[in-house]
Amino acid sequence: MLTKVLIANRGDIALRIVCACRELGLRTCVAHSQLDSDSMAVRFADEAVCIGPAASAQSYLSIPAILTAAAITGADALHPGYGFLSESASLAEACQAAGIVFIGPTPHVLHLLGDKARARGVMQAAGLQVVPGTESFDGPGEGTRLATALGFPVLIKATSGGGGRGLRVVRTARDLAHALGVARHEAVAAFGDPRLYLERYVDEARHIEFQVVADETRAVQLGDRECTLQRRHQKVLEEAPAVGLSETARRKLGELVVKAALEIGYRNAGTFEFLVDSDGEAYFIEANARIQVEHPVTEMVTGVDLVKEQIRVAAGDGLSVRQSDVQVTGHAIECRVNAEHPDTGRPAPGMIGAFTVPGGPGVRVDSYAHADCMVWPHYDALVAKVIAHGRDRGEAIARMRRALEMMVVEGVETTIPLHLRVLSDPDFLAGRFTTSFLERFLRPV
Amino acid sequence: MLTKVLIANRGDIALRIVCACRELGLRTCVAHSQLDSDSMAVRFADEAVCIGPAASAQSYLSIPAILTAAAITGADALHPGYGFLSESASLAEACQAAGIVFIGPTPHVLHLLGDKARARGVMQAAGLQVVPGTESFDGPGEGTRLATALGFPVLIKATSGGGGRGLRVVRTARDLAHALGVARHEAVAAFGDPRLYLERYVDEARHIEFQVVADETRAVQLGDRECTLQRRHQKVLEEAPAVGLSETARRKLGELVVKAALEIGYRNAGTFEFLVDSDGEAYFIEANARIQVEHPVTEMVTGVDLVKEQIRVAAGDGLSVRQSDVQVTGHAIECRVNAEHPDTGRPAPGMIGAFTVPGGPGVRVDSYAHADCMVWPHYDALVAKVIAHGRDRGEAIARMRRALEMMVVEGVETTIPLHLRVLSDPDFLAGRFTTSFLERFLRPV
Amino acid sequence: MDFDEIGQILELMQRHGLVEFELERDGERVRIRKPEPAGGTPTPGPPRAVGAGPADLDLVVVEAPILGTFYRASAPDAAPFVSVGDVVKTGDVLCIIEAMKLMNEITSECDGEVVEIFVESGQPVQYGDRLFAIRTRPAE
Amino acid sequence: MDFDEIGQILELMQRHGLVEFELERDGERVRIRKPEPAGGTPTPGPPRAVGAGPADLDLVVVEAPILGTFYRASAPDAAPFVSVGDVVKTGDVLCIIEAMKLMNEITSECDGEVVEIFVESGQPVQYGDRLFAIRTRPAE
């Protein structure tokens, strides 16, 4: 039985976790940086504790500060949200040592999935097809040897990577050495781990993922999502169910991810990501051992509250859904409204003046923002997630369009105009797109 | 094919209709009073036209002003919303004469259902059980004679009534004459029609209603709603599906209302209201020939956009749903957030300062309000409709509670504290309540 | 300072949403005021001229009492009821507003000189739109 | 003063978000006003003491550099590191903040007299909480 959850995150996901805890009757304490002391999450949590200054390294990324906050406030569980320390095996281990329930997978699973190169091997053993690729390596010599054996184009990835950082596409041998150097540099900076691995680069692919929830005894898949619309490897607009997936592939992959989750002893909400090539072949690329930014589209089509399932599982209460309960109804789209210049993607933090969100049927807005609030340059640019659900994809698109048209965010530039252009694009409407689709909406900074 | 809809209403329902029109690709023009010229509906409509001063009689209730607005702006259809002229046969006739599509039933049906006493007879003929009652009368002599024949307690109702106005419960013959006088006075003031009728008063009843949508050829029922929680005959909190209805009664009444709608040639969204007594017997009381304030709970459990269905039917495009498509999923609750003193119900108009609405899964807020906006004393007190949907009633209640706790409306008193008390009441949680339930939450003004 | 200049000032005020404008010529004084922004309010719809007139106490602004189509004359080929410069008396017909095929005569509620007509004949007017400015005392 | 100049003023007002502008030329008077800040902000969470101290320039407020439990002494039965009225030098230990079983000594960054201690020994402190006030010049 849990009683109080420490929320070690900020922004919309901190608020989202407050919602879930309140519905479950759990007390909440938000661990926040000095900059976030007036946030909505702090306002609506039962308690709040300031764990450090604005810089994430000394606040949201500080395991000692977060564990001290849990100890001082008497929290018996910790929810890490997404980003920051959400997939940190070290945090999970520290929680275990301190007798605090970590709302996420076991440290063992986090270690396994955190090493992206190793995870590929494990998933292959569990029956999932993977893109041809290599083991981890450290050093340009080994990288060059492996790339030549694999064949170009290759995609360089960070072994401890995530969130699209450290990715580099290399099309010819000539560009390899430089790219390996840059990627290694980024990997060290972002993850403190210089190791890289390579994958055969799949051009014109779709990015599709499956949502899983699992407790000690069962794993349930809650359908798939289309996350193909990305800008610089960052997801921009997500849909559920995926547009580019045959019913046969959907059924087969759904069964495989459940089997894989059971085999690795997965417990928590989690995502299995795939690239689907132009022949419809699906290749596993990585698993995300946390709640994701795009989780609301799955909630909209299944009615399952994923954050509540996470907490239930961590508390030992088990899942509240069985596979036979899961029914995907209609279609949902999420648009990430970022404080960014819509054409260039340049971050545009600042003070929001007027702020009103659309209502009406089938619309959900998850946001920490309100009138006269700051979008700090210290953190990511996500201001709001707007989600629209309709009886079919057409209704969802029409609804999203009117929702974004009727949303007021004054004072900062946002990606709303970009979304509105995408939502009127004939290829988007027809479902004809790959991961390169958004490039034509991008102007150089 | 419609192209432009004139919206002859204000507040949340005007905004709701803007949403529906935008999703259907229709242009909108909001006909507004001088007081509402800066409203959200005006902001998000394609056009707006000021039809008169603050007083409703010269603006929202002025058929000439509204028809002139339609003519001047070239609108080819008119949506009356709810309240005001929404059930006016005269407006429907005037539209017909002017060649403008009235988004509602035919004038014939409005005449028929607008005479509440006559509607009882028609529904009885169509197979619905009605509470014992009388024909219309005008004058205390006839009233006394009819009441004595019917037996006390009786409920005095206005023949042209609606919205709970003109209702009087009379428990003994001694109080009758006075009550008849007051009711007649109210009926004249509110509806310009002195006629009254009587019904046997059903104590400890539940108020349950069925949602219907119908086009020229088909009528479809979208399930039922519980509207038992009323204060001074005004609905306060509604649920779908109804709590106090057996599956047998649900199926039987569902079939009967479809049959009745077809028999009277009903076309539009509409509601059949019933009183269910302590023995589970359901008695038809009246039909509402318009969209209703509580329509979102039905939208949440069925996924059908009722306002879009209204427009489709009026445009001659027919319903987009068949009875076999209709599936009620989970449970939804609506709380009407009024600018009122929560204990006394005294209206509390004024300037809203901060205003933020809750997000997260299963929550919808329909509101015209925003930070720094006026709640005018000239119009009704509804500021926002908060709707929560869950997989079952328990989840919907927990979700509604956290949604209301996380809603910010500063500057005016609202009914949020009243709702929070109700949502924690053991009898409410157990589904044990009748129309008298809310009285104990009421203190005298 | 003539009516042309006042017209220019009024236009300027409307275009820039000013609520106050002061000017003194040779002592060189100017004073310009915009409305306080209403905190977090979404900016309102199209700006409306109603009530934004100058604080000239001698000037009566006649507003549309109903929504409809504004006509300056009783028939397309007839002479207008009034023109700028005309002197009118209380009760004189200023224009017609047609609504629902009914011709509503709008009459003057003061004696004075018509100094401005804000609407073209044949144009729709909303409730509260400015129609005429009448100066109750002749300009000196 | 002509309309060109007024146009320039209006542009300036727009660029700087002014709501009022006054000018007098040779008597040299100018008056510029920006809008009052909007009042629509949801009230922030619990009030925090940080930075809310008096504007006494000689007073240095020592804030908690980490989250943890505040102790005035090295052991329950030991004497406190400092008390009100004590004179401290830069580098003197003021207190301990315990976090994750580690005892972090917090030292003074100035010379002066301890004039206030804001926290009880054994209490948790958040990042940025005020711990001590030190007057850098002795009071006269």
Side-chain angles (χ1 to χ4, degrees), chain A residues 6 8 14-15 18 29-55 58-60 62-75 94-95 97-98 100 351-356 368-374 408 410-411, chain D residues 13-19 33-53 60-72 76 95-106 109 118-132:
Chain A
L6 187 86
L15 200 59
V18 170
C29 176
V30 170
H32 61 88
S33 79
Q34 201 165 26
L35 225 45
D36 286 330
S37 56
D38 292 343
S39 72
M40 295 280 268
V42 168
R43 177 175 178 149
F44 293 118
D46 297 297
E47 295 170 46
V49 58
C50 182
I51 55 170
Q58 287 133 266
S59 50
Y60 298 113
S62 165
I63 293 178
I66 289 167
L67 280 179
T68 305
I72 279 181
T73 60
C95 283
I100 291 163
M351 173 69 98
I352 292 177
F355 184 80
T356 61
Y368 68 89
H370 52 81
D372 304 309
C373 96
M374 275 299 294
V408 179
E410 291 181 358
Chain D
M13 288 182 73
Q14 173 144 3
R15 201 160 63 240
H16 292 275
L18 307 183
V19 296
R33 210 160 59 82
K34 288 206 172 200
E36 302 290 334
T41 322
T43 45
R48 307 224 21 242
V50 178
V60 169
V61 173
V62 181
E63 296 180 352
I66 55 165
L67 168 77
T69 306
F70 172 88
Y71 291 108
R72 286 185 55 197
C95 66
I96 281 173
I97 296 181
E98 187 234 302
M100 305 282 290
K101 318 274 180 223
L102 286 175
M103 300 298 164
N104 303 277
E105 295 188 340
I106 310 302
E109 293 185 352
F118 297 101
V119 189
E120 298 282 309
S121 198
Q123 291 298 304
V125 288
Q126 304 182 45
Y127 174 84
D129 274 1
R130 293 189 303 172
L131 306 177
F132 301 91

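First the proteins, then the strands, lettered A, B, ... as listed; each starts at 1.
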- Message: Just verifying a value: how many Å separate D/Gln123 CD and A/Ile72 CD1, rounded to the nearest 0.5 Å?
- Response: 10.0 Å
- Where on A/Ala69 is there a heavy atom nearer than 4.5 Å to chain D: the side chain, the backbone, both, or neither? both
- Item | Counterpart residues, side-chain contact (heavy atoms from CB on, under 4.5 Å), relative to D/Glu109 (two or more places apart) | none
- Query: Which heavy atom in A/Pro53 sits nearest to a heavy atom in D/Tyr127, and how many Å separate them?
  - Reply: CB-OH, 3.2 Å
- Note on the structure: What one should report as the nearest heavy-atom pair of A/Ala65 and D/Leu67 is O-CD2, 3.3 Å
